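Keep in mind it's a predicted model, so treat the numbers as computed, not measured. Below, read A as the first sequence line, B as the second, and so on, with proteins coming before strands; counting in each chain starts at 1.
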Number of protein chains: 2
Amino acid sequence: MISGKFAITIHILTLLHKFPNDYLSSEFIAGSMNLNPVLVRKEIANLKAHHIVESKEGKNGGTKLAVNAAELTLKQIFEMTFETIGLGFAKNQPNPDCPVGKNINQHLENLYSEMNQKVGAQLEGISLEDFSNQF
Amino acid sequence: MISGKFAITIHILTLLHKFPNDYLSSEFIAGSMNLNPVLVRKEIANLKAHHIVESKEGKNGGTKLAVNAAELTLKQIFEMTFETIGLGFAKNQPNPDCPVGKNINQHLENLYSEMNQKVGAQLEGISLEDFSNQF
DNA sequence: CATACTGTAATAAAATATGTTACAAATTTA
DNA sequence: TAAATTTGTAACATATTTTATTACAGTATG
């Protein structure tokens, strides 16, 4: 999963932030985004692996935030769900006898790396609390 | 086509810049990137629509640059091939009765819009000539 | 012990991206 | 003027990636 992950994850986290005292069920969360609960649970599994949320199994179980929303940045969320932005690479092995084909991917990589630094700097300045408080 | 477009297009343009006096065939270009010539011709059609290249049909035909490579920026190429970057939206219509679901896409849009401004500024500072001269 | 959850695997369906074939139209050159 | 070569484009086929569904074992609650 690439597309969707970030949007689903930030949606989950925003809901958790809005209900800081409750364990929210994947069914409830999925209802807000009109999505299959299994997909929500998959993203929650990812968040748990990063110790961002904790969840409780069994009846009346669910998930709640395990970190301070003021200290969790969108950059961290981005890194947990997207890795990097970019505009694509040459898909097939380009012709190694052509100076352009041989090096194109490396130069694209350099370009995208700078893009990620810029975007990362932007996202680092926004906390989950900031984002959530817009609603 | 979303992914691939930018990478294919900049590859084409770099080759055209390296051979400024020749009409390069889609077959030749495709050979450098190990791609089907039809896909190359599709991107060339896009470039032609934006008056970035001109091409000649028939025997010994092909395509060549129609603009000054020092004045064509990566931002322009980005806009011709990618439109915008972003980290995805809620795919399904979110629940309109939920304050978060109702507004999530708008807030994501705002966030991505700022990302695009930052990336756009970066890409605006790099010309095709700059990029091509790295090879 | 019935109920309501999570966790996860397996599978299916849908969407998107990439690749191929085919051929008409254009131009060159012999 | 005929053969060769190339663009332009449509139609179709395949591959890949995303998203959705089903199923069920495990766990906590009351």
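- Looking at B/Ile44 and B/Ile29, their side chains come closer than 4.5 Å, going by heavy atoms from C-beta outward.
- Linking Ile, Leu, Val, Met, Phe, Trp and Tyr whenever their side-chain heavy atoms come within less than 4.5 Å puts A/Val53 and A/Phe19 in one cluster.
- Separating the CD1 atom of A/Ile44 from the P atom of C/dT8 is a distance of 12 Å, rounded to the nearest angstrom.
- Between the CD1 atom of B/Ile8 and the C1' atom of C/dG19 there is a distance of 11 Å, given to the nearest Å.
- The nearest whole Å value for the distance from the OH atom in B/Tyr23 to the C1' atom in C/dT28 is 14 Å.
- Between the CG atom of B/Asn46 and the P atom of D/dT9 there is a distance of 12 Å, rounded to whole Å.
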Distances for protein N or O near nucleotides 3-7 of chain D N or O, under 3.5 Å:
unit_1: D/dT5; atom_1: O2; unit_2: B/Lys59; atom_2: N; d: 2.9
unit_1: D/dT6; atom_1: O4'; unit_2: B/Gly58; atom_2: O; d: 3.4
unit_1: D/dT6; atom_1: O2; unit_2: B/Gly58; atom_2: N; d: 3.3
unit_1: D/dT7; atom_1: OP1; unit_2: B/Ser26; atom_2: N; d: 2.7
unit_1: D/dT7; atom_1: OP2; unit_2: B/Ser26; atom_2: OG; d: 2.9

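- Across the protein-nucleic acid pair, A/Glu43 atom CD and C/dT8 atom C1' stand 14 Å apart, rounded to whole Å.
- The side-chain contact (heavy atoms from CB on, under 4.5 Å) test applied to B/Glu54 returns B/Tyr23, B/Lys64, B/Ala66, not counting sequence neighbours.
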Residues B/Leu123, B/Thr73; criterion side-chain contact (heavy atoms from CB on, under 4.5 Å); working and verdict: CA-CA 7 Å; B/Leu123 296 178; B/Thr73 70; over 6 Å; no

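- B/Ser32 meets the side-chain hydrogen bond (donor to acceptor under 3.5 Å, both in side chains) test with B/His11; sequence neighbours excluded.
- In this structure, NZ of B/Lys42 is placed 12 Å from P of D/dA11, rounded to the nearest angstrom.
- In the set D/dT9, C/dT8, C/dG19, the nucleotide with an atom closest to the side chain of A/Val38 is C/dT8.
- Whole-Å rounding puts the B/His11 NE2 to C/dT18 P distance at 16 Å.
- In this structure, a donor-acceptor pair under 3.5 Å is absent between the side chains of A/Asn110 and A/Ser113.
- Atoms CZ (B/Phe89) and P (D/dT19) sit 13 Å apart, rounded to a whole Å.
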Chi angles and distances behind the side-chain contact (heavy atoms from CB on, under 4.5 Å) call for A/Phe78, A/Asn116: CA-CA 11 Å; A/Phe78 164 67; A/Asn116 276 279; 3.6 Å; yes

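- Side-chain nitrogen and oxygen atoms of A/Asn36 include none within less than 4.0 Å of the OP1 or OP2 phosphate oxygen of D/dT19.
- The side chain of B/Lys91 approaches C/dA15 more closely than any other nucleotide in the set D/dT22, C/dG7, C/dA15.
- Checking the phosphate oxygens (OP1, OP2) of C/dT18, no side-chain nitrogen or oxygen of A/Asn92 falls inside 4.0 Å.
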